[in-house]
Amino acid sequence: MGLESIQFCGSPCGEIVQKTFVHPELAADEVAVKVTHSGLCGTDLHFVTTDMVLGHEAIGIVHSIGSDVSAVKVGDRVGWGYPNWTCGKCEWCLRGEDNYCPNWKIYGLADLEQGGLSSVSVRKEQWLFKIPESMSSEDAAPLMCGGSTVWTPLVNHVKPYHRVGIVGIGGLGHLAIQFAAKMGVEVVVFSATESKRGEALQLGAKEFYLTQNIDDYSALGITKQIDRLIICTSAKLNLGLFYPILNAQAMIFPLTASDGELTVPYFATVRNGLHISGSVIATRFMQKKALEFAARNGVHVIVERFPMTLDGVQAAMARLRDGKMRYRAVLSWNNND
């Protein structure tokens, strides 16, 4: 007999529903994990009308392993994010950029019964990560997606001498500030919310600029231009507003998953050699390094805690949908953890 799991799922009408599911016997490369914590991400809202188990920032304890599993053992504390499997054979996997595998099996498109808002999840060994002993599960959960999303452009494209602008202090932004500051770069924060100024500076920002009702960012008083701009807000921004304060050959990274069109000034982009680059999660190697860096340097998540119950999941989803979360939701089976 497989393991029975309590699951919290989306539904065609958009209501969160509780189900019971019995997992089949493990395949050779699979690991059964008893979930303890799960973060909630903005992309979870995209799937509330899909009949699937929600959640993709999960932490738990290995309960049992398939016959070919060797990287983890029973009792290990592990986590996972968006992907569950990549092919290992395509150009991107062979280049070590498996986060762009075109054949991957990811949250929302495959393995719909294996989300993190559950009591047991069965995952492929390939995309499971051991959690550093010094890191709490509450900190670790949001790093499996939100943390890896901001980590990737920072570690791949930022040098210690750069000035890094971070737009938006929310689930992504408050982690981006910490990662960037602890890498030694000069962090400049742009936010439409004055009440977040003190928090941004406490997290490691050197400068804070309020952008609410500002149409000319050259009037913000910035004396030194920005080399890298990390867009962490889900709001649709006119990126052209930032152009007067960007250095030549600056790079802009839009990170939130959203629909719509991205428009920028054409000639100014060409004239100044600006780069606009999308970026998703992290490779397996970089996910491991992100966890190690966060544990070693004390990157902590500002969380709102919810119990892993139907009421708790519904409340967390509603708060996230209403834009009131400050800054990440973490649900746990023992809400005192």
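Starting from 1, each residue takes its place in the sequence as its number.
Among R163, R197, K224, the single residue meeting the salt bridge (Lys or Arg N to Asp or Glu O under 4.0 Å) criterion with E207 is R163. Screening R305, H300, H37 for a side-chain hydrogen bond (donor to acceptor under 3.5 Å, both in side chains) with E138, the sole residue that qualifies is R305.
The existence of a salt bridge linking R95 and E91 is confirmed by a sub-4.0 Å separation between a basic side-chain nitrogen and an acidic carboxylate oxygen. Between D98 and R284 there is a salt bridge, with a side-chain nitrogen of the basic residue lying less than 4.0 Å from a carboxylate oxygen of the acidic one.
At a threshold of 4.5 Å between non-hydrogen side-chain atoms, the residues N84 and Q126 do not count as touching. Using a 4.5 Å heavy-atom threshold, the side chains of L54 and M317 count as touching. Using a 4.5 Å heavy-atom threshold, the side chains of H56 and D44 count as touching. A 4.5 Å side-chain heavy-atom check between I6 and W333 finds at least one atom pair inside the cut-off. Side-chain contact between I222 and F190: present, with at least one pair of heavy atoms (C-beta onward) separated by less than 4.5 Å. Looking only at side-chain heavy atoms (C-beta outward), I131 and S137 stay at 4.5 Å or farther from each other. Considering only heavy atoms from C-beta on, K196 comes within 4.5 Å of R326 through its side chain. Side chains of T149 and L175 form no contact here, defined as non-hydrogen atoms less than 4.5 Å apart.
Here the side chain of Y327 pairs no donor or acceptor atom with the backbone of L172 at under 3.5 angstrom. In this structure, the side chain of Q287 does not engage the main chain of S148 through any donor-acceptor pair within 3.5 Å. Of the possible polar contacts, one joining the W151 side chain to the M286 backbone as a donor-acceptor pair under 3.5 Å is found. For S121 (side chain) and G116 (main-chain N/O), no donor-acceptor pair under 3.5 Å exists by modelled atom type. In this structure, the side chain of K124 does not engage the main chain of W85 through any donor-acceptor pair within 3.5 Å. At least one donor-acceptor pair under 3.5 Å links the side chain of N99 to the backbone N or O of V280. Checking side-chain atoms of R228 against main-chain N and O of H162 turns up no donor-acceptor pair under 3.5 Å. Of the possible polar contacts, none joining the Q249 side chain to the L274 backbone as a donor-acceptor pair under 3.5 Å is found. Side-chain N or O atoms of S118 include none that pairs as donor or acceptor with a backbone N or O of Q7 at under 3.5 Å. N272 contributes no side-chain N or O that, together with a main-chain N or O of A248, makes up a donor-acceptor pair within less than 3.5 Å.
Around CZ of R271, the count of heavy atoms belonging to other residues, nucleotides or ligands within 6.0 Å does not exceed 12. Counting heavy atoms of neighbouring residues, nucleotides and ligands inside a 6.0 Å radius, atom CD of E15 does not exceed 12 of them. Enclosure of atom CD in Q202 is not indicated, since only 12 or fewer non-hydrogen atoms of other residues, nucleotides or ligands lie within 6.0 angstrom.
Residues I230 and F293 share a single hydrophobic cluster, defined by chaining ILVMFWY side chains whose heavy atoms lie under 4.5 Å apart. Under the 4.5 Å side-chain heavy-atom criterion for Ile, Leu, Val, Met, Phe, Trp and Tyr, L94 and F285 are members of distinct hydrophobic clusters. In the hydrophobic clustering of ILVMFWY residues, with side-chain heavy atoms under 4.5 Å counting as a link, I252 and V164 come out apart. Linking Ile, Leu, Val, Met, Phe, Trp and Tyr whenever their side-chain heavy atoms come within less than 4.5 Å leaves I61 and M308 in two separate clusters. When the side chains of ILVMFWY residues are joined at heavy-atom separations under 4.5 Å, either directly or via intervening members, I214 and I226 end up in a single hydrophobic cluster.
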Evaluate E304 against R328 for salt bridge (Lys or Arg N to Asp or Glu O under 4.0 Å), listing each step before the verdict. CA-CA 6 Å; E304 294 191 25; R328 294 299 273 199; over 6 Å; no
Full working for side chain to side chain contact (heavy atoms under 4.5 Å, CB included) between Y243 and T269: CA-CA 8 Å; Y243 275 34; T269 302; 2.7 Å; yes
Please lay out, stage by stage, how W127 and T86 fare under the test side chain to side chain donor-acceptor pair (under 3.5 Å). CA-CA 8 Å; W127 278 87; T86 44; 2.9 Å; yes
Could you go step by step and tell me if K73 and V62 meet the side chain to side chain contact (heavy atoms under 4.5 Å, CB included) rule? CA-CA 7 Å; K73 65 182 185 302; V62 174; over 6 Å; no
If you apply the rule side chain to side chain contact (heavy atoms under 4.5 Å, CB included), what do you find for L40 with L117, and how did you get there? CA-CA 9 Å; L40 202 60; L117 297 184; 4.2 Å; yes
Stepwise side chain to side chain contact (heavy atoms under 4.5 Å, CB included) check, Q114 with R123: CA-CA 7 Å; Q114 305 299 350; R123 309 292 298 181; 3.8 Å; yes
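In this structure, Q314 CD and I16 CD1 are separated by 7.0 Å, a value rounded to the nearest 0.5 Å. One distance of note links NE2 of H63 with NZ of K34; it measures 4.5 Å at 0.5 Å rounding. Between the CD atom in E292 and the NZ atom in K130 there is a gap of 11.5 Å [rounded to 0.5 Å]. Once rounded to the nearest 0.5 Å, the distance linking SG of C9 with NZ of K19 reads 5.0 Å. The CG atom of L310 sits 5.5 Å away from the CD atom of Q18 when rounded to the nearest 0.5 Å. Taking CG from L220 and OG1 from T211, the interatomic distance works out to 7.5 Å, rounded to the nearest 0.5 Å.
Taking each heavy atom of G108 and F47 in turn, the nearest pair found is CA-CE2, 3.6 Å. Heavy-atom minimum distance, Y100 versus S279: OH-CA, 3.6 Å. The nearest pair of heavy atoms linking L246 to Q225 is O-NE2, 3.2 Å. Closest non-hydrogen pair, I169 versus S191, comes out as CD1-CB, 4.1 Å. Here the closest non-hydrogen pair linking V69 and E30 is CG2-O, 3.5 Å. Minimum heavy-atom separation, P83 to I281: CG-CD1, 3.5 Å.
In this model, no donor atom of one side chain and acceptor atom of the other lie less than 3.5 Å apart for N334 and S332.
Ring pair Y217/F242 is perpendicular by interplanar angle, where above 60° counts as perpendicular and below 30° as parallel.
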